[in-house]
Amino acid sequence: MIKSRYIIIALLALVWACGGGETQTETDPTALGKKLYKTQCSICHGDDGRKGLSGAKLIPESALDVKQRITLITKGKGNMMPYAGILSEEEIEAVAAYTMTLK
C-alpha cells in the first residue's frame, strides 16, 4: 500500500513537471505572449524590442496597433517570416498584445 502511494505521487510529479497541469502561462494571455515573444521574436527584436537584427523593426517605436501587429505576425514582412501555421491565432494575438507593453 505504501509503495503504491509513492508510485502515484511520483507519477503525478512527473505529469506536473512535463506541463500536464494548467499553468499561469496557459491561462494568462500576457504571460503566454511574453513566453512566446522570448522564444520566437527576441532573437531578432531583443528582449526589450530594440535589437533590430536583420532589419527587425524597433518595437517600442512602432505606431502599429494590435490588429496591425496581428496581421504582421501572421503574414510576416521583409525578413520576418509568417507565423501562420506555426503559432495559433490565440498565440499570435497574445504575442501582439505583449508587444504593446514594450512601448
Side-chain contact, heavy-atom cut-off 4.5 Å: T101 with K34? no
Would the number of heavy atoms belonging to other residues, nucleotides or ligands and lying under 6.0 Å from NZ of K57 be above 12?
no
**Message:** I want to check something: taking the side chain as every heavy atom from C-beta on, are L102 and Y37 in contact at a cut-off of under 4.5 Å?
**Reply:** yes
message = Let me check something: do I43 and M81 share a hydrophobic cluster, defined by ILVMFWY side-chain heavy atoms less than 4.5 Å apart, either directly or through other members?
response = no
Hits for salt bridge (Lys or Arg N to Asp or Glu O under 4.0 Å) against K38, two or more places apart or cross-chain, chain-then-number order -> D47
Report task. For K103 and A63, indicate whether the former's side chain and the latter's backbone hold a donor-acceptor pair under 3.5 Å. Result -> no
Rounded to the nearest 0.5 Å, the CD atom of E90 sits from the CG atom of L36 at a distance of 9.5 Å
According to a hydrophobic-cluster definition based on side-chain heavy atoms being under 4.5 Å apart (Ile, Leu, Val, Met, Phe, Trp, Tyr only), do I86 and L32 belong together?
yes
Heavy-atom nearest pair, L87 first then E91, reads CA-OE1, 3.3 Å
If only atom types and distance count, is the side chain of Y83 paired as donor or acceptor with the main-chain N or O of Q40 below 3.5 Å? yes
Rounded to the nearest 0.5 Å, the CD1 atom of I92 sits from the OG1 atom of T74 at a distance of 3.5 Å
Value for CG (L72) from OG (S62), rounded to nearest 0.5 Å, stands at 8.0 Å
Sorted by chain and residue number, the salt bridge (Lys or Arg N to Asp or Glu O under 4.0 Å) partners of E89 (sequence neighbours excluded) come out as none
The side chain to side chain contact (heavy atoms under 4.5 Å, CB included) partners of A96 (sequence neighbours excluded) come to V66, R69, I70, I73
What one should report as the nearest heavy-atom pair of R50 and P60 is NH2-CB, 3.4 Å
Rounded to the nearest 0.5 angstrom, the CG-CG distance for N79 and L53 is 9.5 Å
(message) With a 4.5 Å cut-off on side-chain heavy atoms, are M80 and C44 touching?
(response) no
